There are 2 protein chains.
Amino acid sequence: MPSDTDAGRRSRRRDAAQNREALLNAAVVILATEPDASLEAVAAAAGLSRRALYGHFSGRDELIVALIERGAERLVAAASTTDHADAPVAIALLCARLWDAVDHVRLLAQVALRQPYVERAASSLDPVRRRLTVFVARGVADGTVRDDIPQAVLARLIQESALAVLAEAARADLTDPEGRRLVMLAALGTAGLSWREAGALIADTPELAGEH
Amino acid sequence: MPSDTDAGRRSRRRDAAQNREALLNAAVVILATEPDASLEAVAAAAGLSRRALYGHFSGRDELIVALIERGAERLVAAASTTDHADAPVAIALLCARLWDAVDHVRLLAQVALRQPYVERAASSLDPVRRRLTVFVARGVADGTVRDDIPQAVLARLIQESALAVLAEAARADLTDPEGRRLVMLAALGTAGLSWREAGALIADTPELAGEH
DNA sequence: GAGAACATGCACATCGATGTGCAAGTTATC
DNA sequence: GATAACTTGCACATCGATGTGCATGTTCTC
C-alpha cells in the first residue's frame, strides 16, 4: 500500500517531488536578490512553466512559507547538534555551522524583513537564537562573555553580526575558510572578546580550526 | 528678481516646499516598514492626494532618489565634522553621531538593499564609510585597532554592526542614551577591543560620555 | 484683489502579476 | 501497455499600481 491515507489512488511520482525541490531552490536564488520577482521568473529558473508552479503551490504565499520552513529546519538541525563546554567556543562553533548553510540563510535574512513574513520567519529561527542565548548565559556566568549588555539583546546582536558577514561574503566573494573564520571573529568580537583573544581561541581549539 | 533663471514667472510658493518635505517625511515612515507601499499610501500619510504627489515627483523612482540623497546628505554632514586623535574614540564618536540620525538611517538601511537603488545608496554613503576607513587605518597603524581583517572589510563590518543596533533599537524600544552606548560598544567590539576596554574607553572619554 | 501657483477629484489608458480552466502532450508507475 | 500523475501552452478574467489629462476649487504672492 504505497499511499498514505488514500485508498485506490496511485502514489505521487518521484519527479514531481524533484520539481518541487527545484522550485524551492530556484526561489532561493531568485528571491534572495529580488524579493518581488514574479513567479514566472522563479518557475523559469527551475526549468518549469508558470502554470506548473501553481500545481505545487497555491501561490506566492505558500511558496515563501514553504521556503522559510525548509530553511529554518536545516538551521535548527545544525544548531541543535552543536555544543561545547567553553561558551565562546560554543558560540563560534554555532556560527561556523550556520556559515555552512549560507545559501539558505541569505534568503531568510532577506525575506525576514518583508512585512507579511516577519513573524513567521522570526519564530522559525527562534530555536537557533534560543540556543545562542543559552551559550551567552553560560558565558556570562563563568565570566568568559561580557555582561554589560542585556543577554537577550546581546544574543540578537551576535546573530546580526553573523548575518552581516554573510552579506559581506556575497559582496567581497570570500572563500569558504575565510568566511568561516570571519563569522567566528565577528561573533566573538560582539561577545566581548578582544581580537587577540578571539584569534588565539580559534587557533588553539581544534574543533574550530578544522573543516566541518 | 525672486526666480532663479526664469524671466517673468512668479516664485515657488512656500507651502509647496513644505508639502514636498511632508512627502519625503511620510515616505521615510511608510517605506521603512513596507518598501513596496503604493504612492497612494505615501501621499495619504503626508495628507495629500496621490495626484499632488505627481506634481512634486515624476514617480516612485524620483521620490526614492530624492529620499536617499536627502538622508545621505545629513549623514555625510555629521560624519565630516567628526574627528579625534585616538582612533577608537573617533570610531565610537562617528557611530554616536550617526545614532542621532536614526530615523533617516533606518530607511537607507532598508532601501539600500532594494535592487535598483543599491548602487546609488551605497555611493551616497561612501563618504561616511571612507571616513570610517580613515579611522580604521589610523587605528591599525598605532595598534589600537585589530589588523587580522582586511581594513576595507572591517570598515564595512563596523558599519553593519551599527546598523544592527539600529534594527534592535526599533524592536527593543531602547532609550536614546542606551542606544548611543550600545552603538559604540558594538562598533568597538567589532573593531577588536574587549568589552572591558570598550567600556573603560567610553567612561574615560568625556566626548563620548556626554550628550551630543 | 488679480493672477499665478498649487491641490483635488475624477476619468481613462496602460501595465505587469496573479489565479484558474481546459485540452493536449509527456512520463513515471503499476 | 494501460492509466493516472504530471507538465505545457494558451486563453481569459481580475486586480492593484502607475501615469496623465482636465476641469474645478484653494491659497499664496505680488
Side-chain angles (χ1 to χ4, degrees), chain A residues 1-27 29-31 33-67 111 114-117, chain B residues 1-27 29-31 33-67 111 114-117:
Chain A
M1 191 188 291
S3 66
D4 297 343
T5 51
D6 241 86
R9 288 184 51 198
R10 196 171 281 184
S11 62
R12 291 180 65 245
R13 274 165 50 173
R14 245 197 326 282
D15 61 335
Q18 287 174 358
N19 283 340
R20 192 190 151 91
E21 285 302 304
L23 283 169
L24 288 174
N25 290 332
V29 175
I30 300 290
L31 297 183
T33 63
E34 184 112 34
D36 292 310
S38 68
L39 298 186
E40 169 90 59
V42 173
L48 292 183
S49 68
R50 184 174 74 94
R51 194 59 187 80
L53 189 151
Y54 282 97
H56 290 277
F57 307 96
S58 72
R60 174 188 220 80
D61 210 68
E62 201 172 297
L63 210 204
I64 293 190
V65 169
L67 215 50
V111 171
R114 314 284 305 164
Q115 213 42 341
Y117 309 104
Chain B
M1 192 186 293
S3 67
D4 297 341
T5 51
D6 244 85
R9 287 183 54 199
R10 196 172 280 184
S11 62
R12 291 180 65 244
R13 275 164 49 174
R14 240 193 338 274
D15 61 337
Q18 288 174 358
N19 284 340
R20 192 189 152 91
E21 285 301 304
L23 283 169
L24 288 174
N25 290 332
V29 175
I30 301 290
L31 296 183
T33 62
E34 183 112 34
D36 293 310
S38 68
L39 297 185
E40 169 90 58
V42 173
L48 293 183
S49 68
R50 184 174 73 94
R51 194 62 188 76
L53 189 150
Y54 283 97
H56 290 278
F57 306 97
S58 70
R60 177 187 219 81
D61 209 69
E62 199 171 299
L63 210 204
I64 294 191
V65 168
L67 215 49
V111 171
R114 312 285 304 163
Q115 212 42 338
Y117 308 104

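A, B, ... follow the sequence lines: proteins, then strands. Residue 1 opens every chain. Predicted model only: the values in this text are computed from it and were never measured.
Between the CG atom of B/Leu39 and the P atom of D/dG19 there is a distance of 7 Å, rounded to whole Å. Rounding to whole angstrom units, CD of residue B/Glu34 and C1' of D/dA17 are separated by 13 Å. To the nearest angstrom, P of C/dT20 lies 8 Å from OH of A/Tyr54. Computed from coordinates, the A/Leu23 CG to D/dC6 C1' distance equals 13 Å when rounded to whole Å. The distance from atom CG of A/Leu48 to atom P of C/dT27 is 13 Å, rounded to the nearest whole Å. Whole-Å rounding puts the A/Phe57 CZ to C/dT20 P distance at 15 Å. Straight-line distance from the CZ atom of B/Arg60 to the P atom of D/dG16: 16 Å, rounded to whole Å. The distance from atom CZ of A/Arg20 to atom P of C/dA28 is 20 Å, rounded to the nearest whole Å.
Between A/Ala22 and A/Ala46, the closest heavy-atom pair is O-CB, 3.7 Å.
Under 3.5 Å, the side chain of B/Arg51 and the base of D/dG21 form at least one donor-acceptor pair of N or O atoms. No donor-acceptor contact under 3.5 Å links the side chain of B/Arg50 to the base of C/dG9.
In this structure, the side chains of A/Leu24 and A/His56 stay at 4.5 Å or more apart for every pair of heavy atoms. The closest side-chain heavy-atom distance from A/Leu23 to A/Leu63 is not below 4.5 Å. Looking only at side-chain heavy atoms (C-beta outward), B/Tyr54 and B/Leu39 come within less than 4.5 Å of each other. Between A/Asn19 and A/Arg13 there is no side-chain heavy-atom pair separated by less than 4.5 Å.
Mapping B/Arg14 and B/Gly59 onto DNA chain D by nearest heavy atom places B/Gly59 closer to the 5' end of the strand. Both B/Asp15 and B/Glu40 sit near DNA chain D, but only B/Glu40 has its closest nucleotide nearer the 5' end.
For D/dA4, neither phosphate oxygen OP1 nor OP2 lies less than 4.0 angstrom from any side-chain nitrogen or oxygen of A/Arg13. Side-chain N/O atoms of A/His56 include none lying less than 4.0 angstrom from OP1 or OP2 on D/dC6. Side-chain nitrogen and oxygen atoms of A/Asn19 include none within less than 4.0 Å of the OP1 or OP2 phosphate oxygen of D/dC6.
With D/dT7, D/dT20, D/dA17 as the candidates, the nucleotide lying closest to the side chain of B/Ser38 is D/dA17. In this structure, the nucleotide among C/dC22, C/dG19, D/dC6 sitting nearest to the side chain of A/Ala16 is D/dC6.
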